[in-house]
Novice: 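Provided herewith is a single structure, encoded as structure tokens, for subsequent inquiry.
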Amino acid sequence: MIDLRSDTVTRPTPGMRDAMVAAELGDDVYGDDPTINRLQAVVAERAGKAAGLLFPTGTQSNLAALMAHCGRGDEYLVGQQAHTYKYEGGGAAVLGSIQPQPLEHAPDGSLPLDAIRGAMKAIDPHFARTRLLALENTIGGKVLPADYVRDAAALARSLGLSVHLDGARVCNAAVASKATLQQMCESFDSVSICFSKGLGAPVGSVLVGDAELIERARRWRKVLGGGMRQAGVLAAACHYALDHHFDRLAEDHDNAAWLARALGEVAQIDVLSQATNMVFLRIPDADAKPLEQHLQSQGILMRSTYGGPTRLVTHLDVSRQDLQTLVDSIKAYYVH
Ligand SMILES: *Cc1c(COP(=O)(O)O)cnc(C)c1O
């Protein structure tokens, strides 16, 4: 199978499986798992923060962070297309009693500074208390401009807000920017980093921040059912991914750029954009389903959101040759 639906579809490599088998384990709810403790310390250090905390998913890591920053009746400013707002089941509101205040994105994925300023609520019993700005990097595959991140965080601070980053793909952003993880995380009080996306681990996200914030998040993690026991088997996969799959994200970005160029030559397909490991296409409505079925019959999976753009994501388990196979297969569909 050539699976381009997402970068979450990767399977653990033999080296990663070996690392999982060899992991030293303990009960992490008691803080006894040496493999988890090591991962948390290493990720915190790489991100330039005091502490880290392993979660089973990025959704839970983001939610625990929001709950650590905000209390009942507080509000966070967030993008209309942000994962924590749109794709996490409304968890902040449902489980955190935190009101989201969604803002329209600029075309580059940023939240305009004027919109942030304008959304701030006065301290008044009519209003939720605005407490936090949440950004996402990458967003729709795009890297937020570094100047923007600094300016938005400085503005948030001047307004008395904390700043959280949903950094599910912040490693892609770092590699694409030729920056360190620390530089990408510098402006934020907390960052959630996924290991199950392009880094290729089966599960795992690490939340980083200062010690006090991480202690509050640890409490919420337990409440949310994310206190795991001998989960060092998973942390070992994450650690292996950090050591072996971080720099190679550049290959995924090169592959996505190559794919966008190659598909640009197919007259019937409109390549809308490409950034980091994602390519967005417009496929004519009439072709969307039959093309998807044609590709599936050749062992190629892609996700067309009917009517909306189709997203193709490159990752560890797709090679340049696989992408050539995809391009040939799309050309064959249009020839016949
Ligand atoms: C995948 C993802 C998450 C977390 O997803 P999980 O599947 O819960 O790990 C959070 N934010 C963004 C932007 C993501 O892409």
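Being a predicted model, the structure only gives us computed values, none of them experimental. As the structure lists them, so they are numbered: ligands from 1, and atoms in each ligand from 1. Any value given below was found using the heavy atoms of this structure, including those in side chains, with hydrogens, waters and symmetry copies removed.
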Novice: Below 4.0 angstrom, N of the basic side chain to O of the carboxylate: do D74 and R131 qualify?
Specialist: yes

Novice: Counting each atom of ligand 1 from 1 as listed, which ones have a heavy atom of E88 under 4.0 Å away?
Specialist: 10 (C)

Novice: Before accepting this row, confirm whether a basic side-chain N of the pair R229/D27 lies closer than 4.0 Å to the acidic partner's carboxylate O.
Specialist: yes

Novice: Can you report which non-hydrogen protein atom sits closest to atom 15 (O) of ligand 1, along with the distance?
Specialist: K197 NZ, 2.6 Å

Novice: List the closest protein heavy-atom neighbour of atom 7 (O) of ligand 1: residue, atom name, distance to the nearest 0.1 Å.
Specialist: T59 OG1, 4.5 Å

Novice: Can you confirm, on distance only, whether ligand 1 has an N/O atom lying under 3.5 Å from any N/O atom belonging to R169?
Specialist: yes

Novice: Looking at atom 13 (C) of ligand 1, what's its closest protein heavy atom, distance included?
Specialist: E136 OE2, 3.1 Å

Novice: Show which atoms of ligand 1 fall inside a sub-4.0 Å distance from at least one heavy-atom site of T57.
Specialist: 8 (O), 9 (O)

Novice: Below 3.5 Å, N or O to N or O, backbone or side chain included: is there any such pair between D166 and ligand 1?
Specialist: yes

Novice: Just distances here: any N/O of G58 and N/O of ligand 1 closer than 3.5 Å?
Specialist: yes

Novice: Report the relative orientation of the aromatic rings in H244 and Y240; use parallel for angles under 30°, tilted for 30 to 60°, perpendicular for over 60°.
Specialist: parallel

Novice: Does I139 approach ligand 1 within less than 4.0 angstrom via side chain, backbone, both or neither, non-hydrogen atoms only?
Specialist: neither

Novice: Is the shortest side-chain N to carboxylate O distance from E75 to K121 below 4.0 Å?
Specialist: yes

Novice: Less than 4.0 Å between a side-chain N and a carboxylate O, is that true for E24 and R38?
Specialist: yes

Novice: Near Q324 CD, under 6.0 Å, is it more than 12 heavy atoms from other residues, nucleotides or ligands?
Specialist: yes

Novice: Under 3.5 Å, is there a donor on one side chain and an acceptor on the other for N255 and E251?
Specialist: no

